[in-house]
Amino acid sequence: MKVGVLTGGGDCPGLNAVIRAVARRSVSRGHEVVGIRSGWRGLVDGTFEPLGSREVSGLLPRGGTIIGTSRTNPYRLDGGVDAVLENFRVAGLDALVAIGGEDTLGVAARLHSEHEFPVVGVPKTIDNDLSATDYTFGFDTAVFICTEAIDRLHTTAESHNRVMVVEVMGRHTGWIAVMSGIAGGADVILIPEHPISVEEACADIQRRHERGKDFSIVVVSEGYELEGQGDDSEIDEFGHVRLSERGVGARLASLIEQRTGYETRVTVLGHVQRGGSPTPRDRVLATRYGLKAADLVHEGRFGRMAALHGDAIVDVSLEEATAELKTVPEEWYEVARAFFG
Ligand code: F6P
């Protein structure tokens with residue numbers, strides 16, 4: 001078989017570990033593996049590169065993706081889907097491994113259901129918002145980076161008696177905020193799924209100061225909606241607004257300072273959360289997902305996605321995985337909330 005691999009959407013730590021695992025297992029079975037440049041863009045344009053044993057050597061600790069990524073949506077381009085199908089055929093490909101989040105895998109699911117396209121999926125995103133899997137790879141590394149940042153902000157907040165607002169990524173879900181907030185001991189966490197008001201947040205901070213703690217750490221997820229906040233940010237090909245442009249962290253910090261009178265600063269972690277080497281947990285998860293994807297291809301089980309259920313790697317339908325977002329359940333937010341104020 002000739003197997004194509006693409007990485008789509010925002011990059012994340014562990015992509016290269018998946019590529020390595022897919023290639024190693026497939027090559028050992030006598031298949032040929034080809035990298036598709038820059039996500040779906042590479043199938044629209046027909047840009048490929050070999051992925052043999054030499055090309056995937058030394059990839060395990062490397063962040064980013066060696067085959068590039070993009071947020072190209074072939075369904076939004078004139079003739080985009082036809083070009084994908086045609087370039088796939090002309091390149092002599094028999095199967096595709098699509099590594100991505102809801103957008104990339106949404107395209108894969110649609111191509112499979114509408115054209116019987118031979119694709120399998122691997123769940124990637126620092127946001128951890130994909131249904132049908134307990135965890136996506138990349139999330140653990142992002143939480144690790146945010147937790148380290150919160151730890152560092154604690155010492156400077158304490159020295160200056162300040163409130164520190166930390167804005168983290170996560171798009172429409174607050175997984176990164178909640179997990180890093182719990183791990184870093186945040187005093188208040190604001191997420192889109194369980195939105196406490198700015199007044200409640202300020203009351204928590206004040207309560208904390210009244211019991212002698214004159215600094216506080218506030219974690220806010222970029223998707224948290226502040227009252228009166230407009231949405232004129234840029235929209236990508238999948239219809240998402242660029243949340244970082246709304247500056248929720250800076251606006252929240254200024255509201256907290258106005259309402260409490262406590263000196264407040266903001267740190268926006270941004271793309272630092274997606275960069276660098278994956279944690280051991282993400283390397284292992286990405287490797288297991290890559291092997292599973294290669295197995296699904298070898299068995300001709302298309303339209304499936306590798307997933308983590310408990311400690312087992314299983315497969316689920318791409319449709320199920322992309323049907324809805326996995327949001328933070330109340331019980332997780334309650335764990336965080338037990339330490340507010
Ligand atoms: O989906 C991953 C993610 O990092 C989100 O958390 C964030 O909103 C978005 O991508 C940022 O996208 P870009 O890198 O295109 O600015």
Side-chain angles (χ1 to χ4, degrees), residues 6-16 18 38-41 63-65 67-73 76 98-108 121-131 133 135-147 149 166-181 189-193 219-226 229 231-252 267-279 282 285-286 305 321-322 324-328:
L6 68 77
T7 52
D11 72 325
C12 93
L15 284 167
N16 288 325
V18 181
S38 307
W40 293 112
R41 164 62 53 197
T65 162
I67 51 177
T69 186
S70 72
R71 293 196 189 280
T72 298
N73 180 355
R76 282 289 190 94
I99 312 169
E102 45 151 350
D103 299 332
T104 304
L105 297 182
V107 171
V122 175
K124 156 261 46 158
T125 168
I126 63 163
D127 303 337
N128 198 39
D129 58 357
L130 262 182
S131 291
T133 187
Y135 289 97
T136 53
F137 72 88
F139 174 63
D140 186 61
T141 308
V143 169
F144 176 83
I145 293 165
C146 294
T147 304
V166 192
E167 180 185 314
V168 300
M169 284 184 168
R171 204 159 253 166
H172 305 297
T173 65
W175 286 104
I176 298 177
V178 163
M179 293 300 193
S180 62
I189 304 172
L190 298 101
I191 63 171
E193 298 96 317
V219 178
V220 61
S221 185
E222 62 178 357
Y224 173 81
E225 300 277 343
L226 267 176
Q229 181 174 257
D231 241 342
D232 49 2
S233 338
E234 206 176 296
I235 294 191
D236 71 17
E237 287 187 22
F238 287 92
H240 302 298
V241 292
R242 198 180 295 161
L243 292 171
S244 56
E245 280 180 15
R246 301 195 306 176
V248 69
R251 297 174 64 179
L252 179 66
T267 301
V268 181
L269 292 181
H271 292 82
V272 168
Q273 290 160 94
R274 288 205 329 230
S277 191
T279 58
D282 273 338
L285 184 60
M305 182 189 85
T322 51
E324 58 181 39
L325 279 188
K326 185 180 71 183
T327 52
V328 176

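Counting convention: from 1, in listed order, for ligands and their atoms alike.
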Practice task
Dump the intermediate steps for side-chain contact (heavy atoms from CB on, under 4.5 Å) on Val166 and Leu269, then the final yes or no.
Solution key: CA-CA 7 Å; Val166 192; Leu269 292 181; 3.8 Å; yes
Completion exercise
The closest protein heavy-atom partner of atom 8 (O) of ligand 1 is Glu222 OE2, 2.5 Å
Handout entry: For atom 3 (C) of ligand 1, the protein heavy atom that lies nearest, with its residue and separation
Key = Arg274 NH1, 3.5 Å
Handout entry: Main-chain N/O of Glu237 paired with Arg71 side-chain donor or acceptor, under 3.5 Å
Key = no
Practice task
Answer yes or no for Gly170: is there a heavy-atom contact with ligand 1 below 4.0 Å?
Solution key: yes
Practice task
Identify which of Arg71, Glu102, His271 has a heavy atom lying nearest to atom 10 (O) of ligand 1.
Solution key: Arg71
Practice task
Name the option, out of Asp129, Thr136, Asp127, Asp236, that contains the heavy atom nearest to atom 5 (C) of ligand 1.
Solution key: Asp127
Practice task
Heavy-atom distances under 4.0 Å are what count here, so tell me which part of His240 touches ligand 1: side chain, backbone, both or neither.
Solution key: neither
Exercise for the section: Go through ligand 1 atom by atom and flag the ones less than 4.0 Å from a non-hydrogen atom of Ile126. Expected result: 4 (O)
Practice task
Can you sort out which atoms of ligand 1 are near Arg171, meaning under 4.0 Å from one of its heavy atoms?
Solution key: 1 (O), 6 (O), 8 (O), 9 (C)
Minimum side-chain heavy-atom gap [X]-[Y] below 4.5 Å:
X      : Y      : answer
Trp40  : Asn73  : no
Glu193 : Thr173 : yes
His172 : His240 : yes

Handout entry: Salt bridge flag under 4.0 Å for residues Glu102 and Lys326
Key = no
